[in-house]
Amino acid sequence: MSALVLALAAGAVVGLALGALGGGGSVLAVPALIYLLGFTPSAATTASLIIVTATSITALYAHARTGAVRWRAGALFAAAGLLPAAAAGAAAARLPQPVLTAAFAAVAALAAVRMLRPGPADSGPAVGVRAVAVRPVKVAGTGAGLGALTGLLGVGGGFLTVPALVTVAAFEMRAAVGTSLLVIAANSLASLATRGATTAGVDWALIAPFTGAAILGAWDGKRLAARVGGTRLKRTFAILLLAVAAFMLVDAVA
């Protein structure tokens, strides 16, 4: 199978995850870039940031049209993660490749477990329910941690951002998914800003079709989420992520 076909297929799956779940796409993008398209872990995290940034902005537009984005609160949440994302992005280039792979495998496993466990993200407060008091310090700390994760591993962190917005900022699920895309896009851009030199080595002949397929997949993902139960979607992606995490961990320690 040609690299172009693989890039298109992988991009479609990444887009579906981002569009349907508001996250999870980048934890699939990085292993796809490494094991299907032959990228190094460092190059894969950089390429993933490019893909996730473009796809998140597209998906954000789709969610914004339905009024599912809380711009002010999302901007404050994202702002706390900008500097950590940039700093972690600069540090990522200095990490040994096996360490980067093992760390990513651990995050992918965490994402899978988080998707399999019922929690606030599955049954967030509905519109009209009394909101939980928002603690600015806690929100800032959470945003900073997610920003650092994005910069270091090239993941958007939506699988953590959505439940964080529900529990820390008292968002209902629909608004958390839409607003998480704003946070993902902002953190990814901040991290990319520190990786300017590494983007020169990115294979655009593969990244461009990968990104295009992901953007189209994000629109389909939003429609899919409206038809298929969120729990079923999460379980499907979680099982896939567990398999990916196990494979990457074995590869890192081999």
Side-chain angles (χ1 to χ4, degrees), residues 1 3-56 58-59 100-116 121 146 149-150 152-162 177 180-181 184-185 187-188 191 202 206-222 224-225 228 230 232-252:
M1 188 178 295
L4 177 60
V5 173
L6 289 173
L8 290 170
V13 174
V14 168
L16 280 173
L18 273 171
L21 303 176
S26 52
V27 290
L28 295 177
V30 171
L33 291 165
I34 294 173
Y35 298 108
L36 295 181
L37 301 178
F39 283 58
T40 65
S42 179
T45 56
T46 299
S48 174
L49 288 169
I50 296 171
I51 295 163
V52 169
T53 299
T55 309
S56 297
T58 303
L100 202 59
T101 301
F104 190 92
V107 170
L110 173 63
V113 171
R114 181 63 191 80
M115 288 181 179
L116 285 172
L146 292 172
L149 181 69
T150 298
L152 186 65
L153 299 180
V155 298
F159 61 91
L160 295 174
T161 305
V162 171
V177 170
S180 75
L181 293 165
I184 291 169
N187 287 339
S188 298
S191 181
V202 170
L206 293 177
I207 295 305
F210 194 120
T211 304
I215 290 173
L216 293 176
W219 287 88
D220 291 334
K222 187 174 184 300
L224 180 65
V228 182
R232 183 181 301 177
L233 284 173
K234 284 186 177 182
R235 285 176 179 171
T236 300
F237 280 111
I239 292 170
L240 178 60
L241 280 179
L242 280 175
V244 168
F247 180 83
M248 292 185 75
L249 188 58
V250 170
D251 181 64

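Please read these numbers as outputs of a predicted model, since none were measured by experiment. As a basis for the values below, the full set of heavy atoms in this structure was taken, side chains included, without hydrogen atoms, waters or symmetry mates.
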Heavy-atom nearest pair, V13 first then L28, reads CG1-CD1, 3.8 Å
Does any non-hydrogen side-chain atom of I50 lie less than 4.5 Å from one of F210? no
Heavy-atom nearest pair, V30 first then A44, reads O-CB, 4.0 Å
Between the CG atom in L249 and the CZ atom in F104, the distance rounded to the nearest 0.5 Å is 13.0 Å
To the nearest 0.5 Å, atom CD1 of I215 lies from atom OG1 of T58 at 4.0 Å
S180 side chain vs V177 backbone, donor-acceptor pair below 3.5 Å: yes
Rounding to 0.5 Å, atoms CZ (F247) and CD1 (I34) come to a distance of 10.0 Å
Exercise. Can you tell me if T53 uses its side chain to pair, donor with acceptor, with the backbone of L49 under 3.5 Å?
Worked result: yes
Of all heavy-atom pairs linking P209 and L8, the shortest is O-CD2, 3.6 Å
Rounded to the nearest 0.5 angstrom, the CG-CD1 distance for L33 and I51 is 4.5 Å
Note: L36 and A10 closest approach over all heavy atoms is CD1-CB, 4.5 Å
Interatomic distance, OH@Y35 vs CG@L6, rounded to 0.5 Å, equals 15.5 Å
Separation between CG (L206) and OG1 (T211), nearest 0.5 Å, reads 10.5 Å
